[in-house]
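Both counts, for ligands and for their atoms, begin at 1 and track the order of listing.
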Amino acid sequence: MSSVLSMTPTELHTFLYGVGLGVAVAAVSSTLLFSLPRAVVSSQSQAPKKSPRKRSALKRGASAAANAVEVAEEANAETVARLRGMFSLPADRLQQIVKQILVDMKKGLEKDGAANIKMLPTHVTRRPSGKEKGTYLALDLGGTNFRVCEIILDGAGGSTMHQSKFVIDEAAKTGDGTALFDFIADCVKAFLGEYHKDQDVEAVKWKLGFTFSFPVDQWTINSGSLLIWTKGFTATNVVGKDVVALLKSAFERKNLNIDVTALVNDTTGTLMSLAYSKPDTYVGVILGTGSNCAYVEKIENVIKYKGPREGVKEMLINMEWGGFDDDMVVIPRNKYDLKLDRESANPGSYTFEQLISGMYLGEIVRLVLVDLVKTGELFSYSAGGSPELRTKYAFETAYMSRIERDYSYQLMETKTILEEHLNIPETTLADRKLVKAICEMVGLRSARLAAAGVAAVVTKINKLGAPGVTVGIDGSLFLLYPHYQNRMRDALREIVGISAENILLEKSQDGSGTGAALIACLAGK
Ligand code: BGC
């Protein structure tokens with residue numbers, strides 16, 4: 001999971017700086033107002049021969065800079081309309097998507113492998129009462145960073161936490177699985193060494209909740225095997241193995257005496273963490289690096305569950321909705337979505353997540369930009385764009401966030417990103433408007449799909465009516481991406497009408513820490 005807490009300082013800075021810079025740029029933009037026509041005019045002589053924009057601008061003469069911009073904007077209007085057709089999801093399509101999610105949810109609860117949505121039983125059969133108390137360790141693997149946390153549950157719905165974040169480099173994500181788990185154990189040792197200097201850390205028996213935010217076929221509350229890696233992880237010798245056993249072995253190798261009492265998905269943690277203080281929370285959603293949802297299901301509906309049922313009324317289900325529509329029947333895909341999938345670590349898998357989550361949105365935008373450069377519709381004064389623009393995943397989702405927040409007259413923040421971060425030699429205002437429009441389309445589609453997922457789950461648990469339900473949500477898109485929450489709310493209204501008023505979308509921060517501690521606590525009872 002990626003949340004504000006789990007962002008690297010650079011990411012956090014990028015998001016926050018975007019806001020501050022927007023203000024600063026607005027202040028200086030008036031002095032820059034006149035620099036753009038000059039740039040357009042002087043660029044004309046360097047424009048590639050093939051550019052239709054260059055030809056039309058040249059016809060009007062070099063002095064007609066303002067006209068050139070207008071012409072470019074007209075040309076862009078066609079481009080924008082074409083792209084909108086590729087990315088838009090009208091209300092009736094969203095409703096079809098909701099219906100299909102409901103069909104898949106039912107099938108997934110009946111039998112493993114029966115639907116694209118895995119509907120994994122979590123073995124969490126109780127929500128917190130608010131009275132849970134104690135000190136727990138929690139690990140959070142699956143977002144941008146790896147985190148080690150120590151959480152003190154106060155027994156009154158509150159908690160305190162301290163944490164250390166560690167950057168997981170590509171080598172750890174994609175190398176040998178044993179090395180990944182050794183890295184985790186080393187981080188835990190470093191954390192304990194820092195926060196428990198005066199204690200003999202090897203002598204204490206710690207209790208730990210392991211938030212492992214990947215699809216796991218969970219056998220018990222603290223065991224289960226990885227079904228498939230997502231979010232760019234590919235470490236070897238982990239798929240098919242019990243990840244808790246791998247963790248325990250690594251702890252043993254490092255002489256750490258830690259009892260892993262719960263294996264947790266970040267969505268489950270997110271739900272539990274908010275439910276600790278808000279008992280009407282029945283759904284937990286992550287909209288961050290990856291995307292997924294967990295919710296509370298009646299045990300009689302979890303037909304495939306083979307564990308003990310006595311005294312059990314409900315169970316949290318980890319939907320793994322990232323895999324929805326992998327057979328591509330209901331969500332329209334365009335050539336950029338298909339290319340992104342083809343070039344991903346696991347083609348054909350988790351394609352819903354690819355349309356929603358922070359790991360992929362920037363890359364979709366980049367693929368569109370590269371294509372428009374080829375057709376001469378974008379950056380025609382910087383033929384070919386730049387090597388950075390042609391580099392996979394170089395257009396970060398955080399850039400989209402900054403661009404969508406750029407309301408300066410000349411789109412100066414967008415200019416900075418394109419010209420300084422992506423090294424495109426020269427951009428026109430029309431270019432920047434087009435890039436902004438593309439970011440909006442991709443960001444909007446993500447929020448609307450997320451809303452469709454929420455609408456389906458709330459419908460499934462019969463909570464559309466009063467008094468309603470709280471949906472706990474974590475992840476950088478929901479917390480930080482401009483307009484994301486309102487776009488979700490608008491889409492919910494389009495899908496379920498006035499009942500949307502009964503769905504409260506609420507931030508639930510740090511499910512991977514507090515939620516994991518709660519589950520570890522409940523598991524120990
Ligand atoms: C994983 C889920 C996780 C989600 C959000 C997905 O890639 O498969 O288990 O909940 O990301 O972190």
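Near D266, with a cut-off below 4.0 Å to any heavy atom, the atoms of ligand 1 are 3 (C), 5 (C), 10 (O), 12 (O). Which parts of ligand 1 touch P215 is read off a 4.0 Å heavy-atom cut-off, strictly below it: atoms 8 (O), 9 (O). If you number the atoms of ligand 1 from 1 as listed, the ones under 4.0 Å from a heavy atom of E353 come out as 6 (C), 7 (O), 11 (O). Remark: ligand 1 atoms within the under-4.0 Å shell around heavy atoms of E320 are 1 (C), 2 (C), 8 (O), 9 (O). Those atoms of ligand 1 that come under 4.0 Å of a heavy atom in I286, given as number and element, are 5 (C), 12 (O).
In this structure, K460 is not positioned above the aromatic face of Y295 in the sense of NZ or CZ being under 6.0 Å from the six-membered ring centre and within 45° of the axis. Cation-pi check for R147 over F191 is not met; the charged atom does not lie both under 6.0 angstrom from the ring centroid and within 45 degrees of its normal.
D337 places a side-chain N or O within 3.5 Å of a backbone atom of N334 that can act as its donor or acceptor partner. When atom types are taken as modelled, the side chain of T174 and the backbone of A235 share no donor-acceptor pair closer than 3.5 angstrom.
Using a 4.0 Å cutoff on heavy atoms, G322 does not count as a contact of ligand 1.
Residue pairs that meet the side chain to side chain donor-acceptor pair (under 3.5 Å) test with at least one member in residues 115-124, sequence neighbours left out, are N116-D327.
Checking only distances, T267 never comes within under 3.5 Å of ligand 1, N or O to N or O. Considering backbone and side-chain N/O atoms, F214 comes within less than 3.5 Å of an N/O atom of ligand 1.
The closest side-chain heavy-atom distance from Y481 to R487 is below 4.5 Å.
Here N318 has no heavy atoms under 4.0 Å from ligand 1, in either its backbone or its side chain.
A salt bridge is defined here as a Lys NZ or Arg NE, NH1 or NH2 lying under 4.0 Å from an Asp or Glu carboxylate O, and E110 with K107 fails to meet this definition.
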